[in-house]
Amino acid sequence: MDAVAVATSILTLIAGVGVFLIACSTMSSNLEALGSKKLKVLFSKASKSKLVGVGVGAATTAVIQSSSATSVMVIGFVNAGIMTLAQAATVIFGANIGTTVTGQLVAIGLFGDNSISTSVIFATFAGIGAFILAFAKKDKLRKSGGIAAGFGMLFVGLSMMSNAMGKFAELDSIKNFLAMFGNPILLVLIGAVLTAVVQSSSVMTSMAITMVVTGLISLDQGIYITMGSNIGTCVTALIAGLTSTKNAKRTALIHLIFNVSGVIVFMLIGLFMRLGGIDYGYLFEKMFPHTPQMQLSMFHTIFNLATVVIVLPLTGLLVKLVTKIVPDKKEQTQKDEIHFRYVEEHMLRTPPIAVQQIKNEVIDMAEIAIKNFESACEIVCTLNFEQIEKFETNEKHLNFLNKELVRFIIKLLKEDLNEKDRIYLTTAIRSITDLERVGDYAENIIEYAEKLNTANENFSPAAVREITELKELIKSLFGEVMKAYKDNDKQALANAYEIEENVDNITERMTENHIARLSGGLCTAEVGTQYLSLSSNAERIADHYINVAKTINAYS
């Protein structure tokens, strides 16, 4: 091979890896969008038993073709409190089984030396999918076209990688260079690092299978590189976990410990086998003779299945271990408290799940806002400022969510979403603004309390009773609003409207009572000013909560 041929092969290899990565991403995003509801239902079944959890993880990853995406979803569910750590662990175990499907598909695609290659046959789906995308109008049909195109491109990329590596295999210098890398630990590290770079164990495993088939590396080298890819694939989940809650960090750590444990066990077994004069390569060549693609893909499958079998009974111990490594702290700093509780940037890779987590953040924001309203009412009635620090932390959290959650939603709106999710996100931006205003009105009430305290004034017992009644009514309103918002419950929305009318009535009555007390000399003009302002602010808080509830009319 001359220099031009070598350069061409290198460029072809890079192009093949790029096409393969895009194909995986295209398949994953379209499958998620098409089956987002089914995925949510599937994940809800993970709590039934350990084996069901493993099955859910395997099925989800087999469908969306990304164990990293599954892991990020699991972290989101743990953040939301939908899954326990133990349930999340079993789904992650299953994800490692599901990711072997890509390797099996690649192995099948590399058959056909003396006839039409299966890789070429499967690659035709790229054209079929592109044709559907060009002419289809319905969203579901376009998603199906995207899946077909991604599936076909997978094998276009595979064919390009195979051709490039076949050329390299003709060069003794390259083969001799690669043969130098025989140390199992070094090969595992190479597999881990390269997988961390491309952020896809499927790509790394597929490349290893192709390299083995073309004779560029030995089967034993491919086996250890594949083991390393299982460690490298944890990087995405680790990054997602580092920016999330303690349970999310623990979930990411479970993923890492599980994969590293499997590699350690199989490397120890490999060491003992070598002492006996055999290795994994020899063993799998005997099991699947004359089919190097099946030899490595089957090792990958058996490796992941065996690791699950070994670790699954130890799930409880694994959860205890990560809980000790990432312990709970009795006190959190303000910096720790002010962050997203359900959302992280990596969820942009799984838009349907990100939309659900946005909803959880909005619900959380609504709960923070009502807590501040309740605290403000308590403080203004008692002039006891012990809760003020917590109030201020909550207000900072509301301001953070108002800014950062909208920023995240704008990013999410650029992703591939169905129409219902897109409409929901636009309404969510308005809801976030409404909830931030609730926080502002609660701040106003605190200011009234400070003015009363400075003037050495306070509300009369009658005024306190009226404020308490108003507070309880708005809490009832909040309960119906959240029921409507969480479950798209139209009856709860109707109930909320009725309560909101009662809020209007009670604030009118409060104005009348205040005038009567003022006329009777039972309160001063200064106190009356703060009282009427509080009443007006509470009425507006009720209006903002109603605005949040009625957004369900836009997308339900």
For the residue pair [X] and [Y], establish whether any side-chain heavy-atom pair is separated by less than 4.5 Å.
X	Y	value
Asn360	Gln357	yes
Ile217	Ile225	yes
Leu425	Ile429	no
Met287	Met294	no
Met227	Met267	yes
Leu401	Ile432	no
Met160	Leu13	no
Phe400	Leu405	no

Taking only residues two or more places apart in sequence or in another chain, which ones pass side-chain contact (heavy atoms from CB on, under 4.5 Å) with [X]?
X	answer
Ser261	Ile257
Thr307	Phe258, Phe266, Phe303, Val311
Met273	Ile269, Ile278, Tyr280, Leu283
Ile22	Thr26, Met153

Can you name the salt bridge (charged side-chain N to carboxylate O under 4.0 Å, His left out) partners of [X], sequence neighbours left out?
X	answer
Glu404	Arg407
Asp364	Arg341
Lys320	none

Do you know which two heavy atoms are closest between [X] and [Y], and how far apart they sit?
X	Y	answer
Val322	Arg250	O-CG, 3.8 Å
Glu285	Gln295	CG-OE1, 3.5 Å
Pro313	Lys50	O-NZ, 4.2 Å
Cys234	Leu256	SG-CA, 3.7 Å
Gly281	Leu219	O-CD2, 3.4 Å
Ile254	Ala89	CG2-CB, 3.8 Å

Problem set entry | Test item: Arg142 side-chain N/O and Leu133 main-chain N/O as donor-acceptor pair under 3.5 Å |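 Yes, because the side chain of Arg142 sits within donor-acceptor range (under 3.5 Å) of the backbone of Leu133.
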
Any donor-acceptor pair under 3.5 Å from Thr99 side chain to Ala95 backbone:
no

Taking side chain to side chain donor-acceptor pair (under 3.5 Å) as the test, write out the residues that go with [X], two or more places apart.
X	value
Arg422	none
Asn402	none
Glu361	none
Ser218	Gln221

- Task: Test Val54 against every option in Ile92, Val91, Ile97 by the side-chain contact (heavy atoms from CB on, under 4.5 Å) rule and name the one that passes.
- Result: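 That would be Ile97; it is the only one of Ile92, Val91, Ile97 passing the side-chain contact (heavy atoms from CB on, under 4.5 Å) with Val54.
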
Check your understanding: Looking at Thr205, Val263, Leu187, which one forms a side-chain contact (heavy atoms from CB on, under 4.5 Å) with Thr226?
Key ->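 Option passing the side-chain contact (heavy atoms from CB on, under 4.5 Å) with Thr226: Thr205.
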
- Message: In terms of relative ring orientation, are Phe131 and Phe135 parallel, tilted or perpendicular, with 30° and 60° separating the classes?
- Response: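 Phe131 vs Phe135 ring planes: tilted.
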
Notebook entry, point to check: Are more than 12 heavy atoms from other residues, nucleotides or ligands located less than 6.0 Å from atom CD1 of Ile185?
Noted result: no

**Q.** Check against side-chain contact (heavy atoms from CB on, under 4.5 Å), Tyr224 and Asn183
**A.** CA-CA 9 Å; Tyr224 286 106; Asn183 186 298; over 6 Å; no

Would you check, one step at a time, whether the test side-chain contact (heavy atoms from CB on, under 4.5 Å) holds for Leu312 with Leu51? CA-CA 9 Å; Leu312 188 61; Leu51 289 177; 3.9 Å; yes

Gap separating the [atom1] atom of [X] from the [atom2] atom of [Y], nearest 0.5 angstrom:
X	Y	atom1	atom2	value
Phe288	Ser297	CZ	OG	7.5 Å
Ile132	Leu141	CD1	CG	6.0 Å
Met180	Leu186	CE	CG	10.0 Å
Asp421	Asn418	CG	CG	4.0 Å
Leu305	Ile310	CG	CD1	11.0 Å
Ser144	Ile128	OG	CD1	13.0 Å

Verify side-chain contact (heavy atoms from CB on, under 4.5 Å) between Gln87 and Thr84, making sure each step is shown before the conclusion.
CA-CA 5 Å; Gln87 290 161 2; Thr84 65; 3.3 Å; yes

Looking at Asn230, Asn96, Asn304, which one forms a side chain to side chain donor-acceptor pair (under 3.5 Å) with Asn259?
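Of the listed options, the one satisfying the test is Asn96.
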
- request: Report the residues that fulfil ring-ring contact (aromatic ring centres under 6.0 Å, His included) with Tyr282, sequence neighbours left out, ordered by chain and then residue number.
  value: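 Testing Tyr282 for ring-ring contact (aromatic ring centres under 6.0 Å, His included), a comparison that skips the adjacent residues, returns none.
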
Stepwise side-chain contact (heavy atoms from CB on, under 4.5 Å) test for Leu412 and Glu415: CA-CA 5 Å; Leu412 187 55; Glu415 302 296 327; 4.3 Å; yes

